[in-house]
Number of protein chains: 2
Amino acid sequence: MIAKQVLEERLELFLRKAREANIRVTPQRLAIYRVVAASEDHPGVEEIHKKLHRNFPTLSLDTVYRTLRLLEDLGFVNAVGPRRETLRYDANTKRHHHFTCLRCGLIRDFEDARLSALKIPAQTRVLGQPQDLRVEVLGVCNACLKKNPKKK
Amino acid sequence: MIAKQVLEERLELFLRKAREANIRVTPQRLAIYRVVAASEDHPGVEEIHKKLHRNFPTLSLDTVYRTLRLLEDLGFVNAVGPRRETLRYDANTKRHHHFTCLRCGLIRDFEDARLSALKIPAQTRVLGQPQDLRVEVLGVCNACLKKNPKKK
DNA sequence: TCCTAAATAGTAATGATTACCAAGTAGGAA
DNA sequence: TTCCTACTTGGTAATCATTACTATTTAGGA
Ligand SMILES: [Mn+2]
Ligand SMILES: [Mn+2]
Ligand SMILES: [Zn+2]
Ligand SMILES: [Zn+2]
């Protein structure tokens with residue numbers, strides 16, 4: 001779980017920006033955003049839907065999909081996760097980096113001062129107008145190593 | 001198009017490694033790998049299939065999918081491309097980096113000495129056994145800027 | 001409280017990817 | 001060369017994540 005204060009800040013920002021964008025803040029939207037904003041492990045659609053079932057027994061899967069697409073378009077979340085796997089979401093839109101397990105799909109944030117300080121390389125200006133830089137480290141997580149240490 | 005010599009090297013390596021791995025080098029497999037290895041723009045499955053239709057009129061889409069998955073498992077290609085879009089493939093398995101257009105999905109390689117020299121951050125060892133590091137720059141490509149410069 | 005555009009729930013449709021299987025083929029043994 | 005067998009392919013069906021549709025409900029302002 002994320003620090004309570006970080007969550008509060010995210011929710012506050014969400015409410016403010018959502019009103020500015022003339023988006024209705026429905027209970028469903030707020031709840032869906034809250035799950036992503038409170039999570040540390042980049043949850044997927046089914047997972048979010050399941051987690052909300054207790055409080056919203058009639059919440060439709062389509063609403064979860066629609067809402068997450070909306071949140072993405074508005075810049076509140078980013079879609080992450082390896083190709084070939086289902087969509088996962090990240091409410092941390094500040095520059096940070098990911099460790100992704102090639103076996104089980106686990107995604108964890110990590111911080112690194114040198115990476116965070118990286119300037120966007122000048123070469124990319126030849127290709128267009130760069131906006132963001134992301135670093136991803138691929139590997140095998142501890143849990144998967146424990147299960148099967150040898151397999152390369 | 002890639003430099004002819006680079007292509008030759010890739011094909012040679014492919015033939016050698018494929019035999020080592022006891023994989024039959026069928027005309028279809030070689031042709032599919034050749035298209036990816038010769039391309040600079042990270043082609044998708046349909047594109048590869050279409051390009052081969054002249055020489056392999058009966059080549060099935062499933063064979064293209066199956067072969068690319070095989071090539072990926074064997075480490076000859078990587079699956080790339082933004083979430084939400086179809087699979088694209090990259091035969092360059094050396095460390096290099098991508099500029100991706102958020103509007104049209106264009107993916108171009110770029111080199112950067114500082115990025116290539118990056119060591120994998122030590123923090124990631126807490127999470128598991130890191131193997132690879134990738135950098136992706138997101139932005140808007142020149143063609144898209146020309147079409148609609150203002151839209152942010 | 002009332003009104004209306006916007007949002008939701010439930011379900012159907014879509015489309016990329018994967019699975020299946022009969023027929024074909026590569027490559028080794030005799 | 002011929003034969004054998006396991007592997008591969010083509011054609012097509014199935015799957016499954018995601019998106020579209022529509023009648024009904026609701027947020028939010030007058
Ligand atoms: Mn993250
Ligand atoms: Mn590349
Ligand atoms: Zn793992
Ligand atoms: Zn573009």
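Proteins come first, then strands; the chains are lettered A, B, ... in the order of their sequence lines, and each starts at number 1.
Protein atom OH of B:Tyr33 is 18 Å distant from nucleotide atom P of D:dT8, rounded to whole Å. A straight line from CG of B:Asn22 to P of C:dG28 spans 10 Å, rounded to a whole angstrom. Atom CZ of A:Phe56 and atom P of D:dT25 are 18 Å apart (whole Å). Across the protein-nucleic acid pair, B:Leu59 atom CG and D:dT9 atom C1' stand 9 Å apart, rounded to whole Å. Atom-to-atom, CD of B:Glu85 to P of C:dT14 comes out at 21 Å; the value is rounded to the nearest Å. The CG-P distance, from A:Leu70 to D:dT18, rounds to 17 Å in whole Å. Atom CZ in A:Arg19 sits roughly 14 Å away from atom P in D:dA27 (whole-Å rounding). In this structure, A:Asp73 places its CG atom 13 Å from P of C:dA7, rounding to the nearest Å.
Distance from the side chain of B:Thr63 is smallest for D:dG10 among the nucleotides C:dG10, D:dA17, D:dG10. The side chain of B:Arg24 has C:dA26 as its nearest neighbour among C:dA26, C:dA7, D:dG10. With distances taken from any side-chain atom of A:Ser60 to the nucleotides D:dT19, D:dG11, C:dG10, the minimum falls on C:dG10. Across D:dA27, D:dA17, D:dT19, the shortest atom-to-atom separation from the side chain of A:Thr26 is found for D:dA27. If you check D:dT18, D:dT12, C:dT8 against the side chain of B:Asp62, the one that comes closest is D:dT12. Side chain of B:Gln28, nearest nucleotide from C:dA7, D:dG10, D:dA20: D:dG10.
Nearest-nucleotide mapping onto DNA chain C: of B:Leu61 and B:Val25, the residue sitting toward the 5' end is B:Leu61. Residue-to-nucleotide proximity on DNA chain D shows that, of A:Arg66 and B:Arg83, the 5′-proximal contact is made by B:Arg83. Of the two residues near DNA chain C, A:Thr58 and B:Val45, the one whose nearest nucleotide lies more 5' is A:Thr58. Between B:Ile23 and B:Arg84, it is B:Ile23 whose nearest contact on DNA chain D lies nearer the 5' terminus.
The backbone N or O of A:Val25 sits nowhere less than 3.5 Å from a side-chain atom of A:Arg19 that would complete a donor-acceptor pair. With A:Thr63 contributing its side chain and A:Leu59 its backbone, the two residues share no donor-acceptor pair below 3.5 Å. Here the side chain of A:His49 pairs no donor or acceptor atom with the backbone of A:Glu47 at under 3.5 angstrom. Looking only at distances, no side-chain donor or acceptor of B:Arg83 sits under 3.5 Å from a matching main-chain atom of A:Ala79.
Between A:Arg88 and A:Asp90, none of the side-chain N atoms (NZ, or NE/NH1/NH2) sits under 4.0 Å from a carboxylate O, so this pair counts as no salt bridge.
Considering only side-chain N and O atoms, A:Tyr65 lies nowhere under 4.0 angstrom from the phosphate OP1 or OP2 of D:dT19.
B:Pro27 comes within 4.0 angstrom of no nucleic acid atom, judged by non-hydrogen atoms across all strands.
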